[in-house]
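Source: prediction; values computed, not measured.
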Amino acid sequence: RRLGFAIVEIEGFERCTLRDMGVLRVDLQSASMGERLEYIHENISIILKEWNPRWIGLEKAVNFKNVDSAFKLTEARGVIRLACHQTLADVESRLLELSPTTVKKESAGSGQSNKDQVQKAMAMRFANLNQWTQAYQENNKTKLLHDAYDALAIAWTTWAKVRQKQRIGARLTGVQRER
């Protein structure tokens with residue numbers, strides 16, 4: 001029913017800037033599932049065209065007790081992947097799928113962190129988050145939902161995982177040069 005998104009810019013390890021964040025409300029009461037998926041596709045495509053992200057983090061689907069919810073989530077994830085493929089070049093090398101536990105552990109320090117802990121951790125990592133959310137709330141007359149903060153944590157974790165892979169790659173390259 002809601003889809004969070006976040007765009008971040010990270011320079012070095014210390015400078016993390018929030019560029020855009022929000023929630024697409026997909027809970028259109030009278031809309032069919034097809035109309036909801038079309039809404040997701042159109043809006044994700046707009047965001048991708050506007051920002052052309054270097055890396056894209058997508059939360060993995062987890063086990064659900066409700067099979068109907070799992071199917072709907074899977075369909076939405078498929079539409080997001082389709083929008084990425086239609087909008088951006090070389091998507092497979094830019095897309096990382098992350099489990100919710102990995103996101104919580106990387107962003108807030110524990111895989112069992114709750115939403116408030118994740119939100120507080122993101123406020124510590126992004127110096128402009130509080131200012132940004134205040135402006136958002138003033139402009140939109142609504143509070144930013146946890147889905148947006150979850151998306152911000154996914155964006156942070158995506159960067160952290162890419163950085164980790166780059167470090168490992170640099171070490172391996174350095175070892176190979178020595179040989």
Side-chain angles (χ1 to χ4, degrees), residues 1-28 31 35-61 73 76-100 102-104 106-108 113 115-164 166:
R1 298 196 178 266
R2 294 185 309 268
L3 174 70
F5 69 92
I7 307 294
V8 299
E9 181 178 343
I10 301 180
E11 297 174 28
F13 187 72
E14 296 298 320
R15 186 179 162 121
C16 307
T17 307
L18 173 61
R19 294 293 179 209
D20 196 8
M21 181 168 85
V23 176
L24 298 176
R25 293 181 179 268
V26 189
D27 57 351
L28 310 168
E35 291 168 326
R36 291 176 186 189
L37 294 173
E38 186 176 6
Y39 176 83
I40 291 171
H41 183 272
E42 288 173 3
N43 284 278
I44 291 297
S45 295
I46 289 167
I47 293 167
L48 293 170
K49 286 176 187 171
E50 180 179 351
W51 292 103
N52 189 21
R54 184 171 180 189
W55 307 105
I56 303 145
L58 188 60
E59 191 172 48
K60 287 182 182 177
L73 177 63
R77 285 173 34 83
V79 166
I80 292 167
R81 289 181 76 95
L82 175 63
C84 289
H85 279 273
Q86 289 179 333
T87 308
L88 304 171
D90 198 25
V91 171
E92 287 305 316
S93 66
R94 296 164 75 172
L95 186 66
L96 273 75
E97 294 195 58
L98 306 159
S99 72
T102 299
V103 172
K104 290 174 188 177
E106 191 68 42
S107 64
S113 298
K115 292 190 179 294
D116 289 332
Q117 291 168 325
V118 169
Q119 185 174 338
K120 287 176 185 172
M122 291 299 95
M124 291 185 334
R125 297 198 189 281
F126 291 89
N128 69 328
L129 180 60
N130 289 332
Q131 177 185 353
W132 197 94
T133 54
Q134 280 182 330
Y136 176 90
Q137 291 171 4
E138 288 172 11
N139 292 336
N140 295 293
K141 307 293 185 234
T142 183
K143 188 175 179 181
L144 207 52
L145 300 172
H146 280 292
D147 304 272
Y149 294 100
D150 290 346
L152 184 59
I154 292 168
W156 168 264
T157 303
T158 300
W159 171 79
K161 292 298 181 185
V162 166
R163 187 170 179 267
Q164 183 180 37
Q166 289 173 340

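When side chains are defined from C-beta on, T17 does not count as touching F126, because their heavy atoms never get closer than 4.5 Å. Contact of the R1 side chain with the V26 side chain is not registered, since no non-hydrogen atoms from C-beta on lie closer than 4.5 Å. Contact annotation: the side chain of L145 approaches that of R25 to within less than 4.5 Å [non-hydrogen atoms, C-beta and beyond].
Closest approach of S113 and A108 over heavy atoms only: OG-CB, 3.4 Å. Across all non-hydrogen atoms, the minimal contact from M21 to Y149 is CE-CE2, 4.0 Å. The minimum heavy-atom distance between I154 and L58, with the atom names listed, is CG2-N, 4.1 Å. Minimum heavy-atom separation, W132 to L144: CZ3-CD2, 4.0 Å. The minimum heavy-atom distance between V8 and A155, with the atom names listed, is CG2-CB, 4.0 Å. Scanning both residues, S107 and W156, for their nearest heavy atoms gives CA-CD1, 3.9 Å.
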Just do the side-chain contact (heavy atoms from CB on, under 4.5 Å) check on I44 and V79 with the steps written out, would you?
CA-CA 9 Å; I44 291 297; V79 166; over 6 Å; no

Begin with the C-alpha distance, continue with both residues' side-chain angles, and end with the deciding distance and a verdict on side-chain contact (heavy atoms from CB on, under 4.5 Å) for H146 and D116.
CA-CA 8 Å; H146 280 292; D116 289 332; 3.4 Å; yes

L98/T158 under side-chain contact (heavy atoms from CB on, under 4.5 Å): CA gap, chis, key distance, verdict
CA-CA 8 Å; L98 306 159; T158 300; 3.4 Å; yes

Enumerate, atom names and distances included, each donor-acceptor pair closer than 3.5 Å involving a side-chain atom of residues 46-53, sequence neighbours excluded.
{"unit_1": "N52", "atom_1": "OD1", "unit_2": "R94", "atom_2": "NH2", "d": "2.9"}

Hey, can you pull the donor-acceptor pairs under 3.5 Å for the side chains in residues 80-90, sequence neighbours left out?
{"unit_1": "R81", "atom_1": "NH1", "unit_2": "E97", "atom_2": "OE2", "d": "2.7"}
{"unit_1": "R81", "atom_1": "NH2", "unit_2": "E92", "atom_2": "OE1", "d": "3.4"}
{"unit_1": "R81", "atom_1": "NH2", "unit_2": "E92", "atom_2": "OE2", "d": "3.3"}
{"unit_1": "H85", "atom_1": "NE2", "unit_2": "E92", "atom_2": "OE2", "d": "2.8"}
{"unit_1": "Q86", "atom_1": "OE1", "unit_2": "H41", "atom_2": "NE2", "d": "2.7"}
{"unit_1": "T87", "atom_1": "OG1", "unit_2": "A83", "atom_2": "O", "d": "2.7"}
{"unit_1": "D90", "atom_1": "OD1", "unit_2": "S93", "atom_2": "OG", "d": "3.2"}
{"unit_1": "D90", "atom_1": "OD2", "unit_2": "S93", "atom_2": "OG", "d": "2.6"}

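Note: E106 CD to W159 CH2 = 9.0 Å, rounded to the nearest 0.5 Å. Interatomic distance, CD of E38 versus CD1 of I40, reported as 11.0 Å (0.5 Å rounding). Between the CG atom of N43 and the CZ atom of F5 there is a distance of 8.5 Å, given to the nearest 0.5 Å. Separating the CG atom in L18 from the CZ atom in R125 is a distance of 14.5 Å, to the nearest 0.5 Å. Annotation: the span from Q137 atom CD to T142 atom OG1 amounts to 7.5 Å, rounded to 0.5 Å.
Although no hydrogens or angles enter the test, the distance criterion places no donor-acceptor pair under 3.5 Å between the side chain of D147 and the main chain of V23. Judged purely by atom type and a 3.5 angstrom limit, T133 uses its side chain to pair as donor or acceptor with the backbone of L129.
Of the residues listed (K161, K60, E59), the one engaging T102 in a side chain to side chain contact (heavy atoms under 4.5 Å, CB included) is K161, and it is the only one.
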